[in-house]
Amino acid sequence: MDQDRLSACADLLMTTSPNVLVYTAIDGWRRQMVQHGHELMGAALELADRTRRDIEQQIDGIEVLDDELLGVQASHDLDRLQIMMDVSATGTSGYQAGDWLREYCQVDMGMTDHRRILATMSFADGADTAGRLLHALSLWRKAAADFERPPRVELPTPAELELETVASPRDAFFGPVEKVPAEQAAGRISAEQLTPYPPGIPAVVPGELINEAVLDYLRTGVEAGMNVPDAADPQLRTVRVTA
């Protein structure tokens, strides 16, 4: 990388002065919410609730998750603008549903995993976008009958997810490392961070002793469509461990 060119590019964008455009946008947003916030958010919440009911009533096999998410571990309340849908009863995965909706309906989900999809709404949505979501889900539901059965994701127990730290993250990350085939990584000390997204919480961090259960979870997850963006090998055919 040309360091002088990088510095010149940064100088085009950086300044020690306040960014007036950003401050103006923030102030305009604050003013809008003071004057119209209750109206905007109230309409958005009503639309989201109506959309939630329409999905459950019109799309067979989809369960919209609500109060069952509360009271589990740290859950206290729900963001009612988020519509979390369990699609496992359809025999397909959330990864398959999300990919199909993006490719054939140009509808992006806020999140997908092995059994769920998440639609994120805001006050920018209206009956038109809510209707588009509902229509896309109905088209996906018809197409899903021809999907291949999704690969099974081997989910570890909470206890198996609690890996043992046997070296400091600094020593493991910056020390001598090697890549080993994933099937040989169990029992080795990780030299990299492995974060399945969603939920975006590391399953493995440098310095932890990798176990078979977490390794199976990540590898079967990748085969099913899981994204592990920070892995040196995103396909998890190899894993970086301390030498």
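When atom types are taken as modelled, the side chain of Thr220 and the backbone of Glu154 share a donor-acceptor pair closer than 3.5 angstrom. A donor-acceptor pair is defined here as one N or O able to donate and one able to accept, closer than 3.5 Å; such a pair exists between the side chain of Arg132 and the backbone of Cys105. Using a distance-only test at 3.5 Å, with no hydrogens or angles considered, a donor-acceptor pair links the side chain of Arg188 to the main chain of Thr242. Side chain of Asp113 to backbone of Pro198: no donor-acceptor contact under 3.5 angstrom is found. Checked by atom type and distance alone, the side chain of Asp216 never pairs as donor or acceptor with a backbone atom of Ala213 at under 3.5 Å. Formation of a donor-acceptor pair under 3.5 Å by the Glu160 side chain with backbone atoms of Thr157 is found in this model.
Linking ILVMFWY residues whenever their side-chain heavy atoms come closer than 4.5 Å, directly or via other members, places Ile59 and Met85 in the same cluster. A continuous path of ILVMFWY side-chain contacts below 4.5 Å connects Leu137 to Val64, so both sit in one hydrophobic cluster. Cluster membership check: Met226 does not share its hydrophobic cluster with Met84, using side-chain heavy-atom separations under 4.5 Å among Ile, Leu, Val, Met, Phe, Trp and Tyr. No path of Ile, Leu, Val, Met, Phe, Trp and Tyr side chains, each step under 4.5 Å between heavy atoms, connects Leu134 with Leu65, placing them in separate hydrophobic clusters. Under a hydrophobic-cluster definition in which Ile, Leu, Val, Met, Phe, Trp and Tyr are linked whenever side-chain heavy atoms come within less than 4.5 Å, directly or via other members, Leu45 and Leu118 are assigned to different clusters.
Few gaps surround CD on Gln106; more than 12 heavy atoms of other groups in view lie less than 6.0 Å from it. Within a 6.0 Å radius of CZ in Phe147, more than 12 heavy atoms belonging to other residues, nucleotides or ligands are found. Heavy-atom contacts from other residues, nucleotides or ligands closer than 6.0 Å to CD of Glu178 number more than 12.
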Step-by-step side-chain contact (heavy atoms from CB on, under 4.5 Å) determination, Trp140 to Val87: CA-CA 11 Å; Trp140 158 77; Val87 302; 3.8 Å; yes
Chi angles and distances behind the side-chain contact (heavy atoms from CB on, under 4.5 Å) call for Thr120, Leu81: CA-CA 6 Å; Thr120 300; Leu81 294 178; over 6 Å; no
Working for side-chain contact (heavy atoms from CB on, under 4.5 Å), residues Leu209 and Ile189: CA-CA 5 Å; Leu209 196 65; Ile189 301 171; 4.1 Å; yes
Chi angles and distances behind the side-chain contact (heavy atoms from CB on, under 4.5 Å) call for Leu236, Leu194: CA-CA 9 Å; Leu236 288 187; Leu194 303 175; 4.1 Å; yes
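In plain terms, the two heavy atoms of Val177 and Ala172 that are nearest each other are CG1-O, 3.7 Å. Closest non-hydrogen pair, Pro202 versus Val205, comes out as CB-CG1, 3.7 Å. Considering all non-hydrogen atoms of both residues, Glu208 and Ala203 come closest at OE1-O, 4.0 Å. Nearest heavy-atom pair across Tyr197 and Gly110 is OH-O, 4.1 Å. Heavy atoms only, all atoms of each residue included: Thr195 and Pro229 are closest at O-CD, 3.2 Å. The heavy-atom pair separating Asp86 from Ser88 by the smallest distance is OD1-OG, 2.6 Å.
Residues Leu161 and Val214 are in side-chain contact: their nearest non-hydrogen atoms beyond the backbone lie under 4.5 Å apart. Put simply, the side chain of Thr92 does not reach to within 4.5 Å of the side chain of Trp100, judged on heavy atoms. The shortest side-chain heavy-atom distance between Thr51 and Asp125 does not fall under the 4.5 Å cut-off.
Ion pairing between Asp66 and Arg52 holds under the 4.0 Å rule for side-chain N and carboxylate O. Glu192 and Lys179 are not joined by a salt bridge, as no carboxylate oxygen comes within less than 4.0 angstrom of a charged side-chain nitrogen.
With values rounded to the nearest 0.5 angstrom, Ser93 atom OG is found 11.5 Å from Arg115 atom CZ. One distance of note links CZ of Arg219 with CD of Glu212; it measures 8.5 Å at 0.5 Å rounding. Met109 contributes atom CE, which lies 15.0 Å from atom CZ of Arg116 (distance to the nearest 0.5 angstrom). Going from atom OG of Ser138 over to atom CG of Asp60 covers 12.5 Å, rounded to the nearest 0.5 Å. Residue Leu40 holds its CG atom at 6.0 Å from CE of Met33, rounded to the nearest 0.5 Å. Note that CZ of Phe123 and NE2 of His36 are 11.0 Å apart. Values are rounded to the nearest 0.5 Å.
Listed by chain and number, the residues in a salt bridge (Lys or Arg N to Asp or Glu O under 4.0 Å) with Glu223 amount to none (sequence neighbours excluded).
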